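Below you'll find the structure, written out as structure tokens, and then a few comments.
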Amino acid sequence: ELKALIASLSKPVERIYLSHDHDHHWIGLEAFAGVPVYASAATIKTIQEQGETLLAEAKKQFGEEMIPYTKVIVPDHELPAGEETIDGVRFAYSTPFAELTGAVTFTEFPDQQVVIMHHLAYNGVQLPVPPIEPRIEALKQLQNSNKYSYIICGHGIPSEASAYFDATLGYYAKLGEIVNASPDVATAKEKLLQAYPNWGGAFFLDMMLPA
């Protein structure tokens, strides 16, 4: 379905970028045979060393119908440090909050004031990743930089930067209040669902709130 969508755009895929090494970002790359794959050295290393095991575990968990893939495609190009220009467009790569996100590459388009990022905070998805206060500080740091007009936040809703910061800072502030006032995970989950009834990914709460 993804390949059909891409074909309908008449914009051929010339590069694939992996922001990090989580298997749902690279399992299935064999469907794009011959397309150069770019990633950080850390991501390449993890896929080289753990790819076969991670693919086998995913097939066991989700089944052959959902994971029909058989090959681990190790990225064949390492992302350059800093900036590069492709067809007149500037790309900038960084890992500004590794202590919070892990070795996740943020990709910026400085001239367009756009950033694609993962694992810092999500808009419209119930994905409360600890710790709370350092995450709020990182979001405020990005907000105060005034570098971005638009943010693509991985899992969640891409949006104008102002809307993104309003949503994510509000979510983490409310999360802190709820966690501090709740005697157990079930109570915290119920309160978060009441506070954000229209946000998706409620199943994430069972995974993340115990932390």
Side-chain angles (χ1 to χ4, degrees), residues 2 5 9 11 15-20 22 24-25 38 40 79 81-182 188-205 207-209 211:
L2 177 60
L5 172 62
L9 300 175
K11 295 181 177 181
R15 295 183 175 203
I16 293 174
Y17 291 82
L18 300 184
S19 59
H20 57 293
H22 285 184
H24 58 271
H25 285 257
Y38 288 72
S40 68
L79 285 173
E83 287 192 12
E84 68 174 335
T85 300
I86 305 169
D87 293 340
V89 178
R90 285 200 298 153
F91 290 62
Y93 313 106
S94 64
T95 307
F97 303 108
E99 70 281 4
L100 295 173
T101 67
V104 173
T105 299
F106 286 26
T107 300
E108 299 179 50
F109 302 88
D111 298 325
Q112 289 75 28
Q113 295 184 305
V114 173
V115 62
I116 303 173
M117 62 186 188
H118 265 277
H119 291 192
L120 185 60
Y122 300 114
N123 176 17
V125 179
Q126 292 270 14
L127 191 44
V129 186
I132 294 172
E133 290 302 326
R135 212 162 284 272
I136 289 174
E137 289 305 311
L139 287 165
K140 287 181 177 179
Q141 182 178 328
L142 284 181
Q143 183 183 41
N144 293 335
S145 73
N146 292 316
K147 291 172 63 178
Y148 309 118
S149 61
Y150 201 80
I151 292 178
I152 302 170
C153 56
H155 310 292
I157 301 170
S159 63
E160 301 288 339
S162 59
Y164 169 82
F165 290 119
D166 286 347
T168 55
L169 285 167
Y171 183 78
Y172 273 94
K174 176 60 70 173
L175 173 66
E177 294 174 11
I178 288 174
V179 167
N180 289 333
S182 298
K189 177 181 178 181
E190 182 180 355
K191 289 181 178 179
L192 269 174
L193 291 174
Q194 290 174 352
Y196 292 89
N198 298 320
W199 282 36
F203 64 91
F204 284 124
L205 297 178
M207 299 166 56
M208 305 305 297
L209 277 178

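Quick caveat, the model's predicted, so the values are computed rather than measured.
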For residues 99-115, run the donor-acceptor check on the side chains, cut-off 3.5 Å, and write out each pair with its distance to 0.1 Å, sequence neighbours left out.
from, atom 1, to, atom 2, distance (Å)
T101, OG1, F97, O, 3.1
E108, OE1, K147, NZ, 3.3
E108, OE1, Y148, OH, 3.1
E108, OE2, Y148, OH, 3.4
D111, OD1, R90, NE, 3.3
D111, OD1, R90, NH2, 2.7
D111, OD2, R90, NE, 3.2

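Residue pairs that meet the salt bridge (charged side-chain N to carboxylate O under 4.0 Å, His left out) test with at least one member in residues 118-127, sequence neighbours left out, do not exist here. Within the structure, salt bridge (charged side-chain N to carboxylate O under 4.0 Å, His left out) pairs that include any residue of residues 119-133 do not occur (at least two apart or interchain). The salt bridge (charged side-chain N to carboxylate O under 4.0 Å, His left out) analysis of residues 152-180, with sequence neighbours excluded, yields the pairs K174-E177. Here ring pair (Phe, Tyr, Trp, His ring centres under 6.0 Å) pairs that include residues 119-144, with residues two or more places apart or in two chains, are H20-H119, H22-H119, Y122-H155.
Every residue was checked against the side-chain hydrogen bond (donor to acceptor under 3.5 Å, both in side chains) condition with H118, not counting sequence neighbours, and none meets it. With sequence neighbours excluded, the residues that form a salt bridge (Lys or Arg N to Asp or Glu O under 4.0 Å) with K189 are D206. For L5, the side chain to side chain contact (heavy atoms under 4.5 Å, CB included) test picks out S8, with sequence neighbours left out. Listed by chain and residue number, I136, L139, K140, Q143, F165 satisfy the side chain to side chain contact (heavy atoms under 4.5 Å, CB included) test with L169 (two or more places apart in sequence, or in another chain). Evaluation of the salt bridge (Lys or Arg N to Asp or Glu O under 4.0 Å) rule for E84 yields R15 as partners, not counting sequence neighbours.
The CZ atom of F203 sits 8.5 Å away from atom CG of L127, with the distance rounded to the nearest 0.5 Å. Between the OG atom of S159 and the CD1 atom of I152 there is a distance of 9.5 Å, given to the nearest 0.5 Å. We find the CD1-CD1 distance between I178 and I132 to be 9.5 Å, quoted to the nearest 0.5 Å. Within the model, atoms NZ of K191 and CG of L205 stand 14.0 Å from one another, a figure rounded to the nearest 0.5 Å. A distance of 8.0 Å separates OG in S182 from CG in L192, rounded to the nearest 0.5 Å.
In terms of heavy atoms, N123 sits closest to A167 at OD1-CB, 3.4 Å. Summarising the geometry of L209 relative to P128, their closest heavy-atom pair is CD2-CG, 4.3 Å, with the distance given to 0.1 Å. Here the shortest heavy-atom pairing between P130 and R135 reads O-NH2, 3.0 Å.
The shortest distance between side-chain heavy atoms of I86 and F91 falls below 4.5 Å. Under the 4.5 Å side-chain criterion, counting only non-hydrogen atoms from C-beta, W199 is in contact with Y171. For the pair Y17/L79, a side-chain contact is recorded, criterion being any heavy-atom separation below 4.5 Å from C-beta on.
Under the 3.5 Å distance criterion, the side-chain polar atoms of Q126 are left unmatched by any main-chain donor or acceptor of F204.
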>> As a quick check of understanding, evaluate side-chain contact (heavy atoms from CB on, under 4.5 Å) for L175 and V179, giving each step before the final call.
In response: CA-CA 6 Å; L175 173 66; V179 167; 3.8 Å; yes
